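Values below: all heavy atoms of this structure, side chains included; hydrogens, waters and symmetry mates excluded. Because the structure is a prediction, the values reported are computed rather than measured. Sequence lines set the chain letters: A, B, ... in the order given, protein chains first and strands last, and positions in each chain run from 1.
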Amino acid sequence: MDEIITERPSNFIHDYIDEDLKNGVYDSIQTRFPPEPNGYLHIGHAKAICINFTTAQKYGGICNLRLDDTNPGKEDVEYVDSIIEDIKWLGFDYANAYYASSYFDFIYECAIKLIKMGKAYVCDLSADEIKEYRGTLTQVGKNSPYRDRSVEENLDLFERMTNGEFPNAARVLRAKIDMSSPNFNMRDPVIYRIAHISHHQTGDKWCVYPMYDFAHPLSDAAEKVTHSLCSLEFENHRPLYEWFLRELEIVPAPRQIEFARLNLNYCITSKRKCHYLVDNGIVSGWDDPRMATISGMRRRGYPAAAIRDFCDRIGVSKAYSVVDYGLLEACVRDNLNANSPRAMAVLDPLKVIIDNYPEGHTEEIEVEVNQDKPELGTRKVTFSKEIFVERDDFMIEPVKKYFRLYPGNEVRLKSAYFVTCTSFEQDESGKVTCLHCTYDPESRGGNSPDGRKVKGTLHWVSAVDNVKAEIRLYDRLFKVENPANDDATIDEYINPNSLTVLKDCLLEGGLRGIKPGDTFQFMRKGYYCVDKDSTGDNLIINRTVELNSSWK
RNA sequence: UGGGGUGUAGCCAAGGGGUAAGGCAACGGACUUUGACUCCGUCAUUCCGCUGGUUCAAAUCCAGCCAUCCCAGCCA
């Protein structure tokens, strides 16, 4: 919404680009965001999205979306749809939506070209044998016995692979590079494998699919990408990326630059673990408000601008890091504080009877929608003899520095009147059931003409005009910052109290008719967003984030 | 034990020979009809991973060391 447009901080990627521009390597800049459609986008992707789009923006270039769909067995259109929706929601307009699969013909031609150059060969070794031949960290690999097949034989075999003559895994096409390279990626990497699987975009046209290492540089080249930004784990792949482009004489070649991926403490961003959570019903779905997915955060009420701001604030570097979740929350609070209307709500109601208020009488009180933004106008709130306040806004025996309600103490009811607690009722168990107060009719609006001050201001909801709601409080889904990698133990890291449902919460009457996606600050209680599953009969409200509180 | 990266405050992160930006968190205080927000102040006085070296001057250059991350998918 009101995103403040400021100069984005410069980073090391810009230095590389400036250098390339200065050397005349490229005329204009083009980037791409290349997710594989095998899951929903999460906050880590948001960083990559922001980096790719803002880098292109900075140089007046374009950024495309490319669905990196070279492994059909794991992919699905459900994911491509969600990816497109999430990127748009984040506020980025890609110039084009492309699919790696739309380059399959081109990539295939490149493979043929490599074979003809004697730089690629069909290998009949099994997966295990290839692994064995590849060597180890300290031991060089050895050449495949099929490495020196003739160009004619390779061409014939590769064509027959493509025609579906062989079963899955029977043969692969490999680049002929160097089995003794210290970099495993250069030890004759597999570039095409047989997979008799229908592809979500190309159907049954192909039964051989290119590997990432082969498809990626060629897809970048096909799109005229100039800077291929990716995460650190692909650093070891760069020599191979460059090898393909060099051998295939692609000029100007796109340049790969790696940056550190985002790690957020208490968050799960591993796709495998996210699938585990969804598949086992531990969360309600990919958009469960506890998930670190874009859709989960959206449902939780995080504004897109806050996520963009977060990505700006964490910076871009190559250092491994774990960002504190509190920074994301700070961004969310900053945005919501500036944009959210305020309202009153009582999550745990305690009835208050104002004994000297006329029986059956009600009045309308005008309250600012946002005190800091008078231009947003006012709303009407009903005041009546019986109201509800928050249960913890009353203490029989006040602790030190407690300045809300306790017997004999006077407080202000926000925008309404000064009230003084005169007595309280309890049930057999000792639980306070009702408060009795007297009000000062002279203090309407919240100020006393005699100038006396009160230290506490309470939020309240009328007993005769309110909206009932179910409020969901979310805590961290994970207790431990970095759960172990094996799914067998992931359960022990899950916080069973990550979701608390509060029934029978009361909102001020004016909130009747609020809709999914509406966000409010319930004063002194935090920011809240109406859930997508919310209906008029069953109002479900997610707590987006708490307020900072200096009072414990 | 091979190769490729990275080490600046509790957490991110600028700075690339001239005397350590900024943000989050934290801690004081002011203000407040939200204990919010806002505002003011404090927060690396040769510990810029460590040890040496070069220099008038080093977080920045050099050497060695230490720590840590990534790589042996027909995943991306």
Counting just side-chain N and O atoms, does [X] come under 4.0 Å of either OP1 or OP2 of [N]?
{"X": "A/R404", "N": "B/U34", "value": "no"}
{"X": "A/N548", "N": "B/C37", "value": "yes"}
{"X": "A/R333", "N": "B/G23", "value": "no"}
{"X": "A/Q139", "N": "B/A72", "value": "no"}

Determine the Euclidean distance between corresponding [atom1] atoms of [M] and [N]; express it in Å to zero decimal places.
{"N": "B/G28", "M": "B/A63", "atom1": "P", "result": "48 Å"}
{"N": "B/A59", "M": "B/G53", "atom1": "P", "result": "15 Å"}
{"N": "B/U60", "M": "B/U54", "atom1": "C1'", "result": "13 Å"}
{"N": "B/G23", "M": "B/C62", "atom1": "C1'", "result": "34 Å"}
{"N": "B/A26", "M": "B/A9", "atom1": "C1'", "result": "12 Å"}
{"N": "B/G22", "M": "B/A14", "atom1": "C1'", "result": "7 Å"}

Inset, instruction - Examine the base of B/U34 for any acceptor or donor lying under 3.5 Å from a partner atom in the side chain of A/Q371, and report the outcome as yes or no. - result: no

Legend entry - hbond_proxy A/N236 side chain to B/C70 base (donor-acceptor, 3.5 Å cutoff): yes

Inset, instruction - Compute the centroid of each ring, for A/H216 and then for A/Y212, and state whether the two points are separated by less than 6.0 Å. - result: yes

Legend entry - Sub-6.0 Å ring centroid separation between A/F234 and A/Y241: no

Legend entry - Salt-bridge contact A/R255-A/E19 (side-chain N to carboxylate O under 4.0 Å): yes

Inset, instruction - Check the surroundings of atom CZ in A/R147: do more than 12 heavy atoms from other residues, nucleotides or ligands lie under 6.0 Å from it? - result: yes

Legend entry - Glycosidic conformation of B/G29, taking syn as within 90° of 0 and anti otherwise: anti

Inset, instruction - Under 4.0 Å between any heavy atoms, over every strand shown, what does A/R524 touch: base, sugar-phosphate, or nothing? Just pick one. - result: base

